[in-house]
Amino acid sequence: MSQLVVKGLLRLNGETKVQGSKNSVLPILASTILCGGESIIHNCPMLSDVKATVNILRYLGCKVEIFGNTVVCDSSGLSGNFIPDSLMREMRSSIIFLGALIARTNSAEMCFPGGCEIGLRPIDIHLKSLESLGVRIEDDHGLFRCSAEDGLYGAKIALSFPSVGATENIMICACSAEGTTVITNAAREPEICDLAEFLNKCGAEISGAGESTIVIEGSKKLHGAVHTVIPDRIAAATLLSCCAVSGGRITLTDVIPSHLGAVLSILEECGCDIDSYGGNIIMQSPPRLNAPKIVRTMPYPGFPTDTQPLIMSVSAKSRGTALFIENIFENRYQHINGLLRMGANIKVQDRTAVVQGVSYLHGAKVSATDLRGAASLVTAALGAEGNTFIDGVKYLDRGYENFESTLSSLGANIVRTQC
Ligand code: EPZ
C-alpha cells in the first residue's frame, strides 16, 4: 500500500499550472455518448476517476484513446446500455451516465452508485427529474432499469436542492427530449457552464447555464466536438492552501480567478496578499495566518464544500478561532481525526466544527478516508514540525494529477513510498 511521507515547515515558493477540472471532465466525457461521433477533449487531468470513466465508455462500446491530457472518444459504436456494479463502484459520480444513456438509447440499467465516505449521496433528485422527462424507473433490488419507450419530452423541473449532478443529468437527457425543458433552482457551478458549452458545441441549444434557471431546447441530434476543459478550481484552492500554511509565495497559471471568489476572500481574511490578473493568481502568505471567523459551505458561488477540509488545515495553525459549518455533506469532517493527531485543537458538534488555532502542529501517522480529506492532511503536514506519514494515497489520485511532483516543484519535501 502506498504512503506519503511529508517533511513539514518548508516554505512553498514558485509557479505552477493548474490541472483541468475533474468535476467538469467527468460529465463532459459521459455526455460524449450523446454525440454518436468523435469528440476531442483537451486539458483532461489524468486521474483515477477519469480512467474509471474511460473504462465505462469502453465497456459501453465507445472507442476511446488517450494522448497525454487529450481524450478522443468516438461513441458511434455504442452497443450497450448497462453499467455493471464493478464499474459503477469504481467512481461515485458514474450516475452521470444515466441521463446520457437514456438520451442516446432510450434506456439504461445500472446499480445504485451507493454512498461514499463523505455522505449517503442519495440520487432522489436525479430520479425524480428524469421521471419528469418521461423516464420510467424500476428499482429491482438496487438495480435501476430505466426506459423511455414513449420517448422523452420537455418538462419544467424545479430542483429541491441545486444538485450539481442532477442539473447535469437533466441537461444531458433533455437534449434528446421533445420540446423545451426548464430547470429552476439549478446548480450554478462553473462545471455546469463548461458542460453546457461542450453540449452547445455538439449542436445542443442550452441557455442560462451558470444561473438558477436553465433552458434546454430538445430533440437535437448531436455531433462530436472539440473542447478544452476549464481549470480545476478545487485543485487551485488546494495549492493555495498548501502555500498559505507554509508561509510561502505562489503563482498559479491557467486558472480562472473568478471561479475561486469565495475561497480567495477567506484566504485574504487569513492575511494572505492575493493579486489576480488574466489567468493567473499570485499569493503571498504571512509567517502566521489569522483564523477566518466563520466558514460556511454553500452551493456556488458560496464557499465550496470541497475546500472546507483544506481551509480547516490552514485554520488549524492560525491565530484565533474559526467556526466551520458544513451545509452540504453530512459526513465531511473525517479529516479532523488526522488533524487532531497532529496537535490541532478542534471540537465538532453535528455539522459545526470549532477550530482553535495552535502555534505548532507536529508530524504523525495519519490515514485519509476521502479525496479532499487526503489533501487536507497533506496541507496540514506541510505546516507541521517533523515528518507526517499519510495512508490512503489512492484517494488523492482520484482528484489530483501528479500531486507530489507539483508540490515538490514548489519546494516541498514529499515522497510516495510503498509500505
Ligand atoms: C458534485 O457532487 C461534485 N462531484 C462534488 O465534488 C461536490 O462536492 C458537489 O458537487 C457539491 O458541489 C462531481 O462533480 C463529480 P450534489 P454531486 O448533487 O453532484 C444532496 C469532490 O471532492 N443530494 O450537488 O454528487 C447530496 O446528498 C466531489 O470533487 C440529494 O439529496 O453533489 C448533498 O448533500 C465531492 N439528492 C447535496 O445534495 C440527490 O439526488 C449536494 O449534492 C442529489 C444530491
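Only heavy atoms go into these numbers, but all of them, side chains included; no hydrogens, no water, no symmetry mates. For ligands, and for the atoms within them, numbers begin at 1 and follow the listed sequence.
With a heavy-atom cut-off of 4.0 Å, Asp306 touches ligand 1 through its side chain alone. With a 4.0 Å cut-off on non-hydrogen atoms, Ser163 touches ligand 1 through its backbone as well as its side chain. At a heavy-atom cutoff of 4.0 Å, ligand 1 is contacted by the side chain of Arg332 but not by its backbone. Under 4.0 Å from ligand 1, heavy atoms of His126 appear from its side chain as well as its backbone.
Between Gln19 and Glu401, the side chains place no donor N or O within less than 3.5 Å of an acceptor N or O (distance only, hydrogens not considered). Side-chain polar atoms of Asn81 and Thr105 form no donor-acceptor pair below 3.5 angstrom.
Contact annotation for atom 20 (C) of ligand 1: protein absent (non-hydrogen atoms, distance under 4.0 Å).
With respect to atom 40 (O) of ligand 1, the closest heavy atom belonging to the protein is Ile125 N, 2.8 Å. Of all protein heavy atoms, the one lying nearest to atom 25 (O) of ligand 1 is Arg121 NH2, 3.0 Å. Shortest contact from atom 32 (O) of ligand 1 to any protein heavy atom: Phe329 CZ, 4.1 Å. Protein heavy atom at the shortest distance from atom 15 (C) of ligand 1 is Asn23 OD1, 3.3 Å. Looking at atom 34 (O) of ligand 1, its nearest protein heavy atom turns out to be Ile328 O, 2.5 Å.
Residue Ser93 approaches ligand 1 through these ligand atoms, each under 4.0 Å from one of its heavy atoms: 15 (C). Atom numbering of ligand 1 starts at 1 in the shown order; those under 4.0 Å from a heavy atom of Ile123 are 39 (C), 40 (O). Of all the atoms in ligand 1, the ones that sit under 4.0 Å from a non-hydrogen atom of Lys22 are 21 (C), 29 (O).
At least one heavy atom of Pro122 lies less than 4.0 angstrom from ligand 1.
For the pair Arg145 and Glu109, the salt-bridge criterion is met [side-chain N within less than 4.0 Å of a carboxylate O]. Asp232 has no carboxylate O lying under 4.0 Å from a charged side-chain N of Lys22, or vice versa, which leaves the two without a salt bridge.
Of all heavy-atom pairs spanning Ala100 and Ile172, the tightest one is CA-CG2, 3.6 Å. In plain terms, the two heavy atoms of Met171 and Ile206 that are nearest each other are CE-CD1, 4.3 Å.
Checked against a 3.5 angstrom limit, the closest N/O atoms of Gly165 and ligand 1 fall inside it. Checked by distance only, ligand 1 and Phe161 stay at 3.5 Å or farther apart across all their nitrogen or oxygen atoms. Checking only distances, Thr305 never comes within under 3.5 Å of ligand 1, N or O to N or O.
The closest non-hydrogen atom to atom 36 (N) of ligand 1, taken over Thr53, Leu159, Asp124, comes from Asp124. Counting only non-hydrogen atoms, the option in Val164, Leu127, Ile96 that gets closest to atom 24 (O) of ligand 1 is Val164. Atom 22 (O) of ligand 1 has its nearest heavy-atom neighbour, among Lys128, Arg372, Arg398, in Arg372.
Summarising the local packing, CZ of Arg58 is surrounded by more than 12 heavy atoms from other residues, nucleotides or ligands at distances under 6.0 Å. Crowding of Glu330 atom CD: a count of heavy atoms from other residues, nucleotides or ligands under 6.0 Å exceeding 12.
Side-chain N or O atoms of Arg332 include none that pairs as donor or acceptor with a backbone N or O of Ile118 at under 3.5 Å. Under the 3.5 Å distance criterion, the side-chain polar atoms of Glu269 are matched with a main-chain donor or acceptor of Lys293.
In this structure, Tyr59 and Phe82 have perpendicular ring planes: the angle between them is above 60°, well past the 30° mark. By the 30° and 60° cut-offs, the orientation of the rings of Tyr400 relative to Phe403 is tilted.
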